[in-house]
Visitor: 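Structure incoming, see below.
Naming convention: chains lettered A, B, ... in sequence-line order (proteins, then strands); numbering from 1 in each chain. Excluded from the calculations below are hydrogen atoms, water molecules and symmetry mates; all remaining heavy atoms, backbone and side chain alike, are included.
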2 protein chains.
Amino acid sequence: MIALVMTIASLRLDAFLPYRLSFTTNLVSDAVASAYEEAFGLRIPEWRVVAVVAEHPDGVTQQAIGLKTRMDKVTVSRAASALIDRDLLQRTPNPADQRSHLLMLSTAGTALYRAIVPQALALEEQIFGSFTQAERAQLVAMLRRIDAIVLARTVQAADA
Amino acid sequence: MIALVMTIASLRLDAFLPYRLSFTTNLVSDAVASAYEEAFGLRIPEWRVVAVVAEHPDGVTQQAIGLKTRMDKVTVSRAASALIDRDLLQRTPNPADQRSHLLMLSTAGTALYRAIVPQALALEEQIFGSFTQAERAQLVAMLRRIDAIVLARTVQAADA
DNA sequence: CTATATTGGTTGCATATGAAACTATAGGAG
DNA sequence: CTCCTATAGTTTCATATGCAACCAATATAG
């Protein structure tokens with residue numbers, strides 16, 4: 001006698017990778033966001049702009065920031081103007097293109113950045129402290145693999 | 001002669017784990033969200049509610065859904081009413097507590113769910129197809145470790 | 001039993017986010 | 001050059017999200 005087993009395709013949300021990813025990220029982002037907000041009055045997009053600008057001592061355009069972080073140009077624009085209003089960021093003319101400016105940290109912005117970095121690293125340590133360096137590298141590698149796949153998929157979709 | 005090396009704490013946003021996590025999740029969530037939206041007219045919170053309800057054939061309360069998914073009760077409430085408006089979800093009285101209802105899928109809701117699951121799995125396959133089962137398990141395990149740590153941290157903070 | 005505190009869920013409001021329209025500058029094509 | 005198209009950035013508007021206030025039902029203290 002033959003046993004015919006009908007399997008209905010099934011899914012446990014709890015084990016569904018996009019869900020798990022989102023679940024964890026929300027937890028982490030909330031923790032990070034409230035830490036920055038509380039300690040420095042920065043929102044996440046602002047912190048990101050500060051970080052990217054800090055990594056480009058010769059100045060970056062908003063467009064470059066948006067490209068790198070995949071933040072919407074509106075988000076970058078608002079984060080930048082908030083930072084400029086607080087004198088943490090400076091605009092200097094971009095000799096190569098007058099539509100844009102080069103953003104650099106002001107003295108105050110540099111000081112703020114120097115103050116944030118240790119706290120950011122400490123927070124990362126609090127969360128990932130139990131991960132070995134190998135595990136962290138593994139996690140980052142997997143995330144980057146996913147990035148590459150989804151980005152390729154998106155480009156494909158845009159072509160079609 | 002002693003070389004004194006001053007190291008300023010430094011951080012590359014690109015290698016900062018909370019950032020990487022958020023970056024990847026945004027990519028994946030956008031892809032998933034547009035797939036569901038396009039194919040079924042569901043937003044992510046709605047899809048999650050459908051999925052959780054499907055896993056509880058005897059009914060679940062909104063509160064239980066919120067607890068499990070960590071979605072805000074407002075988000076759950078709105079997702080549920082949208083689904084009820086579309087006759088995908090039914091409310092039945094909760095004998096144990098008259099403030100809440102037990103949510104179950106309607107016939108149409110069950111049919112929708114059966115149609116979504118294969119697509120959701122296919123999408124997961126598109127994104128994670130190059131991951132072995134071991135790698136997927138590893139990724140999920142890491143994410144759950146992070147969840148546990150952040151949740152513990154949050155509870156601690158609430159106590160303090 | 002009442003009176004009070006708590007909890008499930010909804011509604012209202014305030015904020016965050018992104019798409020689309022717009023402005024100003026750049027970069028060709030003729 | 002002049003015209004046309006494309007791009008950097010801002011503004012406007014529509015939508016998503018979550019906190020706070022609220023209502024109704026429940027649990028607890030006296």
Side-chain angles (χ1 to χ4, degrees), chain A residues 22-23 25-27 29-34 36-38 41-49 52-53 56 59-85 89-103 154 158, chain B residues 22-23 25-27 29-34 36-38 41-49 52-53 56 59-85 89-103 154 158:
Chain A
S22 162
F23 186 93
T25 297
N26 288 344
L27 283 178
S29 291
D30 286 355
V32 170
S34 48
Y36 291 161
E37 170 65 49
E38 196 184 317
L42 290 183
R43 298 119 185 247
I44 295 237
E46 290 163 9
W47 146 244
R48 287 183 181 175
V49 168
V52 175
V53 172
H56 292 84
V60 237
T61 62
Q62 295 183 186
Q63 197 230 9
I65 298 173
L67 260 168
K68 164 155 293 216
T69 60
R70 303 213 122 237
M71 286 192 286
D72 193 272
K73 63 181 178 171
V74 179
T75 308
V76 176
S77 170
R78 289 199 266 246
S81 29
L83 293 168
I84 290 165
D85 286 351
L89 214 61
Q90 282 171 345
R91 280 193 220 273
T92 69
N94 180 358
D97 187 336
Q98 308 236 80
R99 289 169 301 182
S100 63
H101 294 84
L102 293 176
L103 302 180
T154 309
Chain B
S22 162
F23 186 94
T25 296
N26 288 343
L27 282 178
S29 291
D30 286 355
V32 170
S34 48
Y36 290 162
E37 171 65 49
E38 196 183 318
L42 291 182
R43 297 123 183 237
I44 296 236
E46 290 163 10
W47 146 247
R48 287 182 181 176
V49 167
V52 175
V53 172
H56 292 84
V60 236
T61 63
Q62 295 183 187
Q63 195 231 8
I65 299 173
L67 259 169
K68 164 157 294 219
T69 61
R70 301 213 124 236
M71 287 191 286
D72 193 272
K73 63 181 179 172
V74 178
T75 309
V76 176
S77 169
R78 289 199 267 245
S81 31
L83 293 167
I84 290 165
D85 287 350
L89 214 61
Q90 283 172 344
R91 281 192 218 274
T92 68
N94 180 357
D97 188 334
Q98 308 237 80
R99 286 169 301 184
S100 64
H101 294 85
L102 294 176
L103 302 179
T154 309

Visitor: To the closest 0.5 Å, what do you measure between CD (Q63(A)) and CG (N94(A))?
Guide: 10.5 Å
Visitor: Whole-Å distance between dT15(D) P and I44(B) CD1?
Guide: 19 Å
Visitor: Nearest whole Å is fine: how far is dG9(D) P from L89(A) CG?
Guide: 12 Å
Visitor: Return the value, rounded to whole Å, for the distance between atom CD of E37(A) and atom P of dT15(C).
Guide: 12 Å
Visitor: Determine whether Q62(A) and S100(A) make a side-chain contact, defined as any pair of heavy atoms from C-beta on separated by less than 4.5 Å.
Guide: no
Visitor: Where the side chain of Q62(B) is defined as all heavy atoms beyond and including C-beta, which of dT10(C), dT10(D), dA25(D) is the nearest nucleotide?
Guide: dT10(C)
Visitor: By nearest heavy atom, map R70(A) and P95(A) onto DNA chain C; which one lands nearer the 5' end?
Guide: R70(A)
Visitor: Of the candidate nucleotides dA19(C), dT10(C), dG9(D), which contains the atom at the shortest distance from the side chain of K73(B)?
Guide: dT10(C)
Visitor: Does a side-chain N or O of S77(A) approach OP1 or OP2 of dT11(D) to a distance below 4.0 Å, or not?
Guide: no
Visitor: Find out whether I84(A) and R91(A) are in side-chain contact, i.e. whether some heavy atom of one side chain is under 4.5 Å from a heavy atom of the other.
Guide: yes
Visitor: Of all the choices, dC19(D), dG9(D), dT25(C), which nucleotide is nearest to the side chain of D72(B) once you look at every atom?
Guide: dC19(D)
Visitor: What's the CG-C1' distance between L83(B) and dT10(C), to the nearest Å?
Guide: 16 Å
Visitor: Establish whether the base of dG9(D) is bridged to the side chain of R78(A) by a donor-acceptor pair shorter than 3.5 Å.
Guide: no
Visitor: Compare side-chain N and O positions of Q98(A) against OP1 and OP2 of dG9(D) and report whether any pair is under 4.0 Å apart.
Guide: no
Visitor: Round to the nearest Å and state the distance from H101(A) atom NE2 to dT25(C) atom P.
Guide: 10 Å
Visitor: dA8(D), OP1 or OP2 - any side-chain N/O from Q63(A) closer than 4.0 Å?
Guide: yes
Visitor: Using a cut-off of 4.0 Å on non-hydrogen atoms, how would the nucleic acid contact of N94(A) be classed: base, sugar-phosphate, or nothing?
Guide: nothing
Visitor: Please state how far atom CZ in R43(B) lies from atom C1' in dA14(D), giving the value in whole angstrom units.
Guide: 12 Å
Visitor: Indicate, with a heavy-atom threshold strictly under 4.0 Å, whether S81(B) touches base, sugar-phosphate, or nothing.
Guide: nothing
Visitor: I'd like to know if R99(B) reaches the base of dT7(C) with its side chain, counting only an N/O donor and acceptor under 3.5 Å.
Guide: yes
Visitor: How many whole angstroms separate atom CD1 of I84(B) from atom C1' of dT10(C)?
Guide: 12 Å
Visitor: Does a side-chain N or O from R91(A) land closer than 4.0 Å to OP1 or OP2 of dT10(D), or not?
Guide: yes
Visitor: Would you find a donor on one side and an acceptor on the other, under 3.5 Å apart, between the side chain of S29(B) and the backbone of T25(B)?
Guide: yes
Visitor: Nearest-Å distance, CG (D97(A)) to P (dA6(D))?
Guide: 17 Å
Visitor: Below 4.5 Å, heavy atoms only, C-beta onward: do S22(B) and R70(A) meet side chain to side chain?
Guide: no
